[in-house]
Amino acid sequence: MKNRWIIGLGILSLFLLATLSAFAQLPGGIPREETLIAAQLTGRVGTPSNFNEWSGWRWQDRGTQQLVHEPLWTVDYASGEIIPGLAAEMPIYNEDFTQMTIKLRQGISWNDGVPFTADDVIFTIELNARTPGLLYHGPMAEFVKGVSKVDDYTVVVELKKPNSRFHTDFLDRWGCLRIMPKHVFEKVEDPVTFEFNPPVGCGPYKLADYDPAGFWTLWERRSDWEKSPTGMLYGEPKPKYVLVQVFETEEAKIIAQLRHELDATDYTIEALRAVLDRGETVRAWSREWPWVEYLHPCITGIVFNNMVAPYNLREVRWALLLAIDIVEYMSIANDLIGAVSPIHLPWVRTYMEPLFSPMEEWLKEFTIDLGDGEVFRPYDPEVPFRLAQAAKKRGYPVPEDPAKIRELFGMGWWKYAPEVAEKLLVKNGFKRGADGRWLLPDGTLWKINILTFVNPSHPPYRNAMALAEVWRKFGIDCTTTSSEAAESMHLLGQFEVGTSWPAREPWGVSMDLYRTFSLWHSRLLTPVGQPVVAGSGASARWSNPELDAIVEKMELLNPFVDVEELRQLNIEALKIVAQEMPTIPTFTYPSALAWDEYYWTNWPGAENPYSQPYHHWPNFKYMLPRLQSRK
Amino acid sequence: MRFVRDYLIPRVLQYLLVIFCGITAVFFIPRLAGQNPILEVIAQIQSQGASLDPTAVKSLMETLQELYGLKGSLFEQYLTTWRRILTLDFGPSFFQFPTPVSQLLRIYLPWTIGLFVTSTFLSWFLGNVVGVVAGYFSEKSWSKILDAIVMVIRPVPHYILGVVLLILFAYVWQFFPAGGLMLGRRTVFNLQFILTILRYSFLPALTLTILGGVAWFQQMKLLVQSVKREDFVQYACVGGIKEKTIVTRYVLRNAMLPQVTQLALALGQVFSGVLIVEMVFSYPGMGLLLYRAVTRGDYNLVMGITVLSIITIATAVLILDLLYPLLDPRIRHR
């Protein structure tokens with residue numbers, strides 16, 4: 001009798017749990033073998049019913065940017081080229097960059113069947129120019145004098161002032177001004193509050209369903225996919241459905257992938273090892289050690305606040321750099337995985353020959369003045385080989401081929417020269433205390449608090465931990481602060497040394513590094529306490545008149561035509577930044593991607609990198625036609 | 001009349017003061033914490049290297065300041081906040097703009113209530129029942145073994161137990177999903193729906209019930225052991241009163257009082273959710289919502305959640321204070 005009572009109570013409790021929980025139904029009827037499941041990078045969607053990303057942050061990697069939207073142009077860093085989507089070719093500028101002509105691809109239709117024409121492009125630019133609540137209102141209002149069409153597939157934008165990079169506002173690299181469907185938005189009273197649900201785009205998929213709590217979004221292939229630029233360029237996307245799902249922890253992703261419930265995701269390096277150990281059908285970007293992707297055009301490292309003493313002194317920054325033993329640093333930061341870079345550019349294929357090679361010649365000859373006529377050559381081309389040796393000692397299968405070693409570990413880095421660092425510091429009035437720790441010129445203990453982010457798997461955090469360790473060894477009283485407010489504090493200049501990004505990510509295509517260097521132009525310099533508007537790299541609050549001049553010269557060059565001139569200017573700019581070292585580049589972003597080959601194969605891995613490999617980048621739609629189904 | 005003057009009015013005044021101070025603290029603390037909600041949104045937009053040039057960022061900052069209602073002095077914003085609270089309008093969430101805070105609460109609260117209230121009641125009930133029996137018969141060997149098991153489980157963090165259950169029941173034996181509620185947006189109440197909810201909620205509920213239950217068990221066991229040694233219980237034993245009556249009417253009734261208070265306070269925490277369990281099982285609830293609001297400097301959302309929390313806990317305490325004289329004759333007598 002008693003048992004029955006307990007069982008009854010248990011059932012009642014479970015029923016209560018069920019009835020109190022939520023109110024919805026399974027999407028149902030979705031065949032797994034026709035569905036590709038990808039993890040969402042940015043976490044749970046906070047605005048699940050809102051797809052209007054022109055007016056704010058809408059978690060665009062829920063599938064809207066990868067599957068629904070088709071921009072005019074997209075960056076593909078794997079090939080180093082720009083892919084024209086809605087555009088038929090690259091933009092055409094007039095002589096003085098006051099006019100940009102866009103030729104559009106013909107035969108495209110929106111996913112509701114309405115044809116795409118020049119009117120949509122004109123509408124988008126005009127609406128953004130006159131609506132302050134839209135994200136791209138600033139540049140459109142500042143630059144656009146007028147926009148008109150020559151015919152249904154040719155648009156001419158007249159600019160108020162010269163701008164040789166106006167097209168970059170439409171160049172998709174995880175976000176840009178994407179073209180709006182005129183027939184939808186022209187009926188809307190307020191384009192800022194409009195939810196744009198269901199989203200109408202020229203991409204090959206349309207919305208099928210979504211979770212009101214923001215944990216997943218389901219997309220279905222358009223029946224007329226051949227009228228999307230993706231279909232025209234690459235053919236039919238293979239998965240009929242794509243489910244973009246949120247997994248809050250690494251453990252959840254691992255379990256889901258081992259159960260074949262997750263096809264594409266990125267991990268921490270540790271989680272990647274775990275999933276590769278257990279999953280027979282799971283593969284990383286590279287099938288061999290070190291597994292991680294080496295294409296991502298992003299450099300990580302250390303940022304000095306150049307408006308705060310003593311980090312405003314070039315020789316102090318150099319001393320701090322030479323106090324870093326990069327082999328020990330990489331051992332702590334990333335277990336020796338990742339390629340180092342001595343310059344403010346990621347070690348990726350696009351830049352190796354045209355930029356890194358000429359820079360290396362210069363780096364070998366580059367000297368720093370230690371005073372009294374003494375100079376020092378800080379560049380060390382042997383670093384990749386020392387890193388390889390250390391990795392070998394840890395038991396990793398490191399290749400013997402020097403070319404392969406350089407590919408994996410980088411071109412070289414700076415020498416570990418604590419005695420030179422000491423000379424530079426002494427020259428600037430620093431001295432060691434009785435306990436061997438460094439004192440500032442005023443005699444007080446030199447304390448460095450390194451500001452970083454809270455995610456322990458993220459490169460900024462790993463840079464901070466390694467940095468604190470090596471600087472402590474050098475005798476500096478060094479601590480770290482991991483803060484949720486790290487981003488705001490970097491932008492506001494409320495730090496001395498931080499590990500935000502040391503330079504703005506380049507496009508990863510072509511020779512145009514204007515995007516990287518322009519952020520250090522003195523016109524964007526902001527005092528401490530006011531936020532920098534230029535993003536990563538700019539929080540160093542540094543500028544240089546020679547670099548200003550180079551940036552201004554770049555503005556007068558056509559990035560599609562004046563390629564060689566731009567390459568020369570890039571090299572000059574890289575030299576200036578290396579000499580001044582306002583930030584310290586350390587290693588290129590190593591991405592731990594994993595794909596399950598249980599349902600889908602032919603992923604763009606190291607042996608066949610036909611596309612940028614991320615499932616959360618806009619180019620994902622270009623990858624889907626080239627996948628192959630196994631079921 | 002003396003009850004109203006000496007007992008009711010001071011407690012009601014204390015109640016209002018707690019709410020006022022709580023809301024004032026919640027207004028100022030996030031603003032002093034360092035996060036700038038506008039910079040956080042812009043950083044998110046640019047986080048993967050999106051093309052947003054300085055002109056766009058500049059104009060966006062001005063627009064967002066206007067839209068978020070962050071123009072004006074701190075005192076003006078403080079007054080606006082009170083106006084909003086008194087009309088139960090917490091404004092829009094900054095990071096999830098333009099979604100109103102009230103809408104977010106409507107979406108997430110039922111999930112948390114479902115999981116948290118159910119598992120709290122279950123763990124409270126099971127922990128106390130087993131705790132009473134184990135406490136009363138604390139000399140028996142089965143009670144000692146149970147105590148040892150509970151002592152091992154008690155310090156296990158929610159995260160570890162959640163992951164262990166996930167590995168056991170979602171990977172080794174694949175009885176339950178690995179997480180993430182795969183539910184659509186249509187509201188249909190049928191058997192399949194109930195079973196789906198049960199499957200997805202079972203492991204998070206089990207984690208909370210186990211760890212909550214062992215805590216209630218230990219508290220109750222100690223209380224019972226202490227009450228058992230009281231003179232009136234010894235006297236009842238000597239007087240030949242039946243053991244069942246001693247357990248239920250002498251021991252249990254006295255040991256229950258602090259547990260009832262604890263339950264009321266525990267239920268008040270529903271608004272802050274069960275963050276770690278929500279994360280491990282990708283469960284939609286208030287914990288994650290509040291965590292994201294705090295980390296992104298989403299002042300309005302932090303305010304919305306914490307105001308509800310403050311009012312609920314303060315009200316629960318007030319009601320308990322007012323009900324205690326009914327439950328406990330000693331207080332009634334004073």
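Chain letters run A, B, ... following the sequence lines, proteins first and then strands; every chain starts at 1. Heavy-atom basis, side chains included; hydrogens, waters and symmetry copies ignored.
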Students often mix this up, so state it plainly: with edges at 30° and 60°, are the rings of [X] and [Y] parallel, tilted or perpendicular?
X: A/Trp73; Y: A/Phe170; answer: perpendicular
X: B/Phe175; Y: B/Trp173; answer: parallel
X: B/Tyr283; Y: B/Trp111; answer: perpendicular

What part of [X] lies closer than 4.5 angstrom to a heavy atom of chain A: side chain, backbone, both or neither?
X: B/Leu104; result: side chain
X: B/Leu64; result: neither
X: B/Phe97; result: backbone
X: B/Arg292; result: side chain

| message | Can you list everything that forms a salt bridge (Lys or Arg N to Asp or Glu O under 4.0 Å) with A/Glu251? Sequence neighbours excluded, please. | response |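 Residues passing salt bridge (Lys or Arg N to Asp or Glu O under 4.0 Å) with A/Glu251: none at all.
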Select one option (side chain, backbone, both, neither) describing which atoms of [X] are under 4.5 Å from chain B's heavy atoms.
X: A/Asp172; value: neither
X: A/Arg58; value: side chain
X: A/Val75; value: neither

| task | Please assess A/Ser488 against B/Glu40 for the test side-chain hydrogen bond (donor to acceptor under 3.5 Å, both in side chains), listing each intermediate value before the final yes or no. | result | CA-CA 6 Å; A/Ser488 297; B/Glu40 290 294 326; 2.9 Å; yes
| Highest number of heavy-atom pairs under 4.5 Å with chain A: which of B/Gln174, B/Glu62, B/Met61, B/Gln103? |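 Winner by heavy-atom pair count: B/Gln174.
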| query | What residues, two or more places apart in sequence or in another chain, satisfy ring pair (Phe, Tyr, Trp, His ring centres under 6.0 Å) together with B/Tyr291? | reply |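 Expected list: none.
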